[in-house]
Amino acid sequence: MTNVEKISSDFIRIIINEDLKTNKYNGRVYTRFPPEPNGYLHIGHAKSICLNFGIAEEYNGKCNLRFDDTNPIKEGEEYVKSIIDDVRWLGFDWEDRLFFASDYFSKMYSYAVDLIKAGKAYVDDQNAYEISYNRGTVNKPGKNSPYRDRSVEENLELFESMKNDEFKDGEKVLRAKIDNSHPNMNMRDPVIYRILHAIHHRTKDKWCIYPMYDWAHGIEDSIEKITHSICTLEFENHRPLYDWFLKELNIYRPQQIEFARLNLTYTVMSKRMLLELVNNDIVNGWDDPRLPTIKGMKRRGFSPSSIRDFCRRIGIAKVNSNIPIEFLEYCVREDLNKTAPRFMGILNPLKITIENYSNDLIEYMDVINNPEDPNSGIRKVPFSKSIYIEQDDFMENPIKKFYRLSPGGEVRLVNAYFLKCNDVIKEDDIVKELICTIDHDTKGGNSPDGRKVKSTIHWVSLKNAINADVRLYSRLFTIENPSGKKGQDYKEFLNPNSLKILKNCKIEPAVSKLKKFDRFQFLRKGYFCIDPDTTDKNLVINQTVELRDRWLKIKKKGEPS
RNA sequence: GGCCCCGUAGUGUAGCGGUUAGCAUAAGAGACUCUGGAUCUCUUGGCGCCAGUUCGAAUCUGGCCGGGGCUGCCA
């Protein structure tokens, strides 16, 4: 533990450092990531995953992957699989430590029996409404249940009957006997077992009673000898209960620590809302690239390392915060800039005919795959008489500070020639084609006479271009905090233009060799990846994020505001 | 009217009684550039408020103000 001092310290690591110093857990650091398999993982879970697995790694400890599957009504195998997949994709390894709360159901049952024997739990016949009503409110103490003083024997018998399928759902519950006037609502005789005749995805019909979170979670942590049980802020008020159970049971007690969950601007992070977007076909499934789900982000083109970097940079604290989504975008660009090969693709094509170029000639230009990565090598890109450039890269009447192509103006075609525009062909006042010439002496991109050109644009040879659908994504919502407007449904703020599909984009041939999910940069346009919808006949490309665009700012400044 | 947690540049964080209050991002200016990308340089900008303790407070104490959470047989 010599390098402990060097680890940057958020408040959790400070606690761990202190525990190490006082030898609280004999030098062990043991965490867990405990998802409930009732939904797909999102970037908020990634924060927790990076925290728990990251801490284990830094302190030479271990981190378990444990499914908190105590509610068969909402949970299922589909979610288990996707979660396992996602945690692995993010780059973490739980080795042989994949656990399920349901593995501990027998143990939890016998602990409940112990609690009854100790006179600390009882079977309550009140229905859900009565229990809730008698619990009181935050400023009104609750009333004891008329069944609270049953004998230990009767409780034992009834609890066993509950387990043995002798009652209907909701007919009885097991409650801890604590204090119905406790200022902390969680301590007012919380329910610890309920009757649920549901098929559990792992234990099938073995049980008809299921433990509640508060009862289950501490026991799971205790069984696994977790040292630091890290959870989100809303469980702060549950900590006294967590501690109470383990103390009454007289078993190993980990320390629960709460941190603030992640919020991102222009999106929603609640499982309920994500589920609703998916089920109502507002988005196209859990892996829709507009979603902040791990599957969506993977499909959008985010790399695992960019997500990990993001989680590291945002830090850990107890204040609720709302991270600008631009920060996430910064992190992908940062990663992809160094790792993504560059290709040329024309999203909105404008045809150019080069008058002074041979009709049938095709030249192959040497192009560096990634100028940021010296090991990335070079490739050959075909050039010919007819090429496409981006519509945006031409202005018939250029505004000031527009350095790209305009009539009479000259630009560089990246890695090819200087190009000059001589004539504009229009139909109905719309620019259809440009007639241009190249300077043959500038092959490769430099002029022997030292002549400079203010702009360099990208291009694709018409003859060699392959077509693709390019899907452009922007924020799913139109306001920063769609779920935070009181009295208004978050769906009112959906962005109708969050998905834009461009057909017949013109792409350089090398892109056809890429595999699904491969990430790359379209030169000057942004980062993209191959969508899994791609077939032999149809190339589908997703935009991850645009490049930083200074031109946008310059243009805006030029406009009267 | 109860209980718990939290307030450091626009945003996210570091600081643990003595610092020119650090870092990142955003914003602004400039340099460089075969991506208006990347890179580099500079600038602007912060301790919620009021007392107290102390030679000395962002840091300790108290009060106030502000924000969040808690009244499922969800997790």
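Note that this is a predicted model, so its numbers are computed, not measured. These values consider heavy atoms only, across backbone and side chains, with no hydrogens, waters or symmetry-generated copies. Quick note on labels: first sequence line is chain A, next is B, and so on, each numbered from 1.
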- Task: Examine distances only and state if a side-chain atom of R261(A) and a backbone atom of T232(A) form a donor-acceptor pair shorter than 3.5 Å.
- Result: no
- Message: If you only use heavy atoms from C-beta on, which nucleotide in U25(B), U13(B), C73(B) is closest to the side chain of F327(A)?
- Response: U25(B)
- Item | NZ (K420(A)) with more than 12 external heavy atoms under 6.0 Å | no
- Relative to the 5' end of RNA chain B, which residue comes earlier, P371(A) or A260(A), by the nucleotide with the nearest heavy atom? A260(A)
- Donor-acceptor pair (no angle test) under 3.5 Å: R404(A) side chain, G36(B) base: yes
- Query: Out of G37(B), U13(B), C73(B), which has the shortest distance to the side chain of M212(A)?
  - Reply: C73(B)
- Between U71(B) atom C1' and Y129(A) atom OH, what is the distance in whole Å? 13 Å
- Out of G37(B), A75(B), G36(B), which has the shortest distance to the side chain of E234(A)? A75(B)
- Item | Trace of the ring-ring contact (aromatic ring centres under 6.0 Å, His included) decision for W459(A) with F383(A) | CA-CA 9 Å; W459(A) 49 272; F383(A) 183 85; 5.1 Å; yes
- Query: Can you tell me which stems RNA chain B forms when a stem means 3 or more consecutive Watson-Crick or G-U pairs under 3.5 Å?
  - Reply: B:2-7 with B:65-70, B:10-13 with B:22-25, B:27-31 with B:39-43, B:48-52 with B:60-64
- Query: Which nucleotide in the list U35(B), A14(B), A75(B) gets nearest to the side chain of R524(A)?
  - Reply: U35(B)
- Considering just the side-chain nitrogens and oxygens of K553(A), establish if one lies under 4.0 Å of OP1 or OP2 belonging to A27(B). yes
- Considering only NZ, NE, NH1 and NH2 on the basic side and carboxylate oxygens on the acidic side, decide whether E58(A) and R13(A) come within less than 4.0 Å. yes
- Side chain of I314(A) only, please: which of G2(B), G36(B), G12(B) is the nearest? G12(B)
- Hey, mind stepping through E326(A) and R475(A) against salt bridge (charged side-chain N to carboxylate O under 4.0 Å, His left out) and telling me if it holds? CA-CA 10 Å; E326(A) 292 83 354; R475(A) 22 195 77 132; 3.2 Å; yes
- Going by the angle between their ring planes, with limits at 30° and 60°, are F477(A) and Y490(A) parallel, tilted or perpendicular? tilted
- Return yes if the base of U25(B) and the side-chain atoms of E326(A) contain a donor-acceptor N/O pair under 3.5 Å, otherwise no. no
- Task: Report the nucleotide, chosen from C74(B), G68(B), G7(B), that has the shortest atom-to-atom distance to any side-chain atom of E36(A).
- Result: C74(B)
- Task: Examine A14(B): is either OP1 or OP2 under 4.0 Å from a nitrogen or oxygen in the side chain of S9(A)? Give yes or no.
- Result: no
- Message: As a test of reading the structure: which of U71(B), A14(B), C5(B) is closest to the side chain of D10(A), going by heavy atoms?
- Response: A14(B)
- d(OH, Y193(A); P, C74(B)) in whole Å: 14 Å
- Out of A75(B), U13(B), C70(B), which has the shortest distance to the side chain of M185(A)? C70(B)
- Task: Describe, in one word, how the ring planes of Y242(A) and H217(A) are oriented to each other, choosing from parallel (under 30°), tilted (30 to 60°) and perpendicular (over 60°).
- Result: tilted
- Face-on cation placement of R451(A) at F418(A) ring, 6.0 Å and 45° thresholds: no
- Query: Between A75(B), G2(B), U13(B), which nucleotide has the shortest distance from any of its atoms to the side chain of A317(A)?
  - Reply: U13(B)
- Message: Output one letter per nucleotide in nucleotides 38-49 of chain B: B when a protein non-hydrogen atom lies under 4.0 Å from the base, S when only the sugar-phosphate is that close, - when neither is.
- Response: S-----------
- Quick one: is G72(B) close enough that its OP1 or OP2 comes under 4.0 Å of any side-chain N or O from S132(A)? yes
- Task: Tell me whether the guanidinium CZ or amine NZ of R524(A) lies under 6.0 angstrom from the six-membered ring centre of W551(A) and within 45° of its axis.
- Result: no
- Query: Taking the side chain from R150(A) and the backbone from V123(A), do they hold a donor-acceptor pair closer than 3.5 Å?
  - Reply: yes
- Message: Is T456(A) close enough to U33(B) that one of its side-chain N or O atoms is under 4.0 Å from OP1 or OP2 there?
- Response: no
- Message: Quick check for you: among G36(B), A75(B), C70(B), whose closest atom lies nearest to any side-chain atom of I554(A)?
- Response: G36(B)
